Colleague: 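Okay, handing you the structure first.
Quantities reported herein were computed from a predicted structural model and do not represent experimental measurements. Numbering of residues begins at 1 and proceeds along the displayed sequence. Start at 1 and go down the list; that is how both ligands and their atoms are numbered.
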Amino acid sequence: MLNCDDNIVIALFTRNDMLKDIRKLLIQPGKHMDLSKVDPDDTFGKKRDELDSKLPKLKSSMSELQYKLYIENERALLIVLQGMDTSGKDGVIRHVIRAFNPVSCRVESFKVPTSEELAHDFLWRIHKTIPRKGFVVVFNRSHYEDVVEVRVQKLVPDSTCLERFDQIKQFEKMLSENNVKILKFYLHISKEEQKKRLLDRLSNPEKRWKVNEDDYEKRKKWDKYMSAYTDAINNCSTKQAPWYVIPANKKWFRNWVISEIITNAMTEMKIKYPQLSSQFNNIKI
Ligand code: AMP
Ligand code: MG
C-alpha cells in the first residue's frame, strides 16, 4: 500500500512529466518546426474527465494572479490567439479567458484592415491596443495576419512579409523590455476537423451566423496557410515572445493546456502585492 509521502512523490513525478510535455509545445527559437508533423489530436495520453476536472482550479489561479497583476500595476500580459477559421479562438476566450475579471482584461479582435488602418504601418492598429500596466489583453487574430493572411492572399509582396518578421521581432522585444509579458498560441486543427466544424456551423442555427463564404475559399488554400504559419512561427518565436503550437482538435485538451501555460507563466512572473507605505502604521480608525 502507498503511504502519503509516496503519493506526494508520484504526484510530483506526474506533474514534472506533464510540464515536460507542455514544454514540447513551445517552439524553441532557432529550431525548425513543421506544422504538418504536429499531431492536432495529441492529448498527452490524457482523458477528458481528468483534464476537465483540473480546469476550475486552474481558472481560479488565473483569476487570483490577474488580481495581483492589477494591484501590482507594474507589468502587463498580452495573449495572442491565431489559427485557421473554426480553430477555436472564440472558444478559448469563452472557456479559458473568462476566468479573468473584465475590470482589467480586454479582448481585441483584428478584422480586415480599414482604409484608415491601411494608410498606416501594419503595427499601428496593434500598438494602440497593447495592455497598459496591470492589464491583460487577448488578441483574437493579430499582427500575424500581416505575415500569414496577406502572404497567402498575395496582398503584399513576399519580400515585404519577410521584412515584417524582423519588424515583429523588434516590436515584441520592445514591448517585453517595457514590461509586457507575451504568450502566443497557434491553435492547430486538422483539415478534416475543420470540415466537421464548418458542417456543424451550417446545420446549427446558433452557429450559422459565423458562416462566411470566405472560409470555404480559404480552405482550398489550406497547405499554403500551413506553410505560411510554419514560416511565421519559426521566424518569430523568441525567448521574450514565445509561440506555442497547441494541438486543438480536442477542445477540452486545448482549454486545459492553455490554462496551464497561462497559469505557469503568470506564476513565474512572481507578481507581488505592493508594500504598504509606513504612513498606514499610525492610522487609527
Ligand atoms: P473573423 O476572425 O472570422 O471574424 O475574420 C476576420 C477576417 O479578417 C479573417 O478572414 C482574417 O484573415 C481577416 N484579417 C484580419 N487581419 C487582416 C489583415 N491584416 N489583412 C488581411 N486580412 C485580415
Ligand atoms: Mg471567421
Colleague: Would you call E149 and K218 a salt bridge, taking side-chain N to carboxylate O under 4.0 Å as the test?
Modeller: yes
Colleague: Do R151 and D231 meet the salt-bridge criterion of a basic N to acidic O distance under 4.0 Å?
Modeller: yes
Colleague: Look at the side chain of H143 and the backbone N and O of I168, then say whether any donor-acceptor pair between them is shorter than 3.5 Å.
Modeller: no
Colleague: Between K272 (side chain only) and K68 (backbone N and O only), is there a donor and an acceptor less than 3.5 Å apart?
Modeller: no
Colleague: Does the S259 side chain pair with the main chain of N255, one donor and one acceptor, at a distance under 3.5 Å?
Modeller: yes
Colleague: Is the shortest heavy-atom distance from the side chain of V150 to the side chain of R164 under 4.5 Å?
Modeller: yes
Colleague: Can an N or O of K89 be found at a distance shorter than 3.5 Å from an N or O of ligand 1?
Modeller: no
Colleague: State whether R197 and E193 are salt-bridged, where the test is any N-O pair (Lys NZ or Arg NE/NH1/NH2 against Asp/Glu carboxylate O) under 4.0 Å.
Modeller: yes
Colleague: Counting from 1, what ligand 1 atoms have a heavy atom of F110 closer than 4.0 Å?
Modeller: 15 (C), 16 (N)
Colleague: Return the residue, atom name and 0.1 Å-rounded distance of the protein heavy atom closest to atom 12 (O) of ligand 1.
Modeller: E145 OE1, 2.7 Å
Colleague: Listing by chain and number, what protein N/O/S atoms are under 2.8 Å from the Mg ion (ligand 2)?
Modeller: D85 OD1
Colleague: Please write down residue, atom name and distance for the protein heavy atom closest to atom 23 (C) of ligand 1.
Modeller: V112 CA, 3.8 Å
Colleague: Out of R141, Q82, K111, who is nearest to atom 2 (O) of ligand 1 when you count heavy atoms only?
Modeller: R141
Colleague: Out of S109, G83, P113, indicate the one that has the non-hydrogen atom closest to atom 20 (N) of ligand 1.
Modeller: P113
Colleague: Between ligand 1 and D146, is the shortest N or O to N or O distance under 3.5 Å?
Modeller: yes
Colleague: Is there a path of hydrophobic side-chain contacts, each under 4.5 Å between heavy atoms of I/L/V/M/F/W/Y residues, joining V136 to Y67?
Modeller: no
Colleague: Which residue in the set W222, Y144, Y186 passes ring pair (Phe, Tyr, Trp, His ring centres under 6.0 Å) when paired with Y229?
Modeller: Y186
Colleague: Identify the closest protein heavy atom to atom 22 (N) of ligand 1: which residue and atom is it, and at what distance?
Modeller: E149 CG, 3.5 Å
Colleague: When you check the side-chain N and O atoms of R219 and Q194, is any donor under 3.5 Å from an acceptor?
Modeller: yes
Colleague: Determine, for K24 against D39, whether the closest basic-nitrogen to carboxylate-oxygen distance falls under 4.0 angstrom.
Modeller: no
Colleague: Do any nitrogen or oxygen atoms of R125 come within less than 3.5 Å of a nitrogen or oxygen of ligand 1?
Modeller: yes
Colleague: Side chain or backbone of V150 under 4.0 Å from ligand 1, or both, or neither, by non-hydrogen atoms?
Modeller: side chain
Colleague: As a test of understanding, state which of N140, L187, I79 forms a side chain to side chain contact (heavy atoms under 4.5 Å, CB included) with V92.
Modeller: L187
Colleague: Can you tell me if K218 contacts ligand 1 (heavy atom of the residue under 4.0 Å from the ligand)?
Modeller: yes
Colleague: Tell me the contacting part of D85 for ligand 1: side chain, backbone, both, or neither, using a 4.0 Å heavy-atom threshold, strictly below.
Modeller: side chain
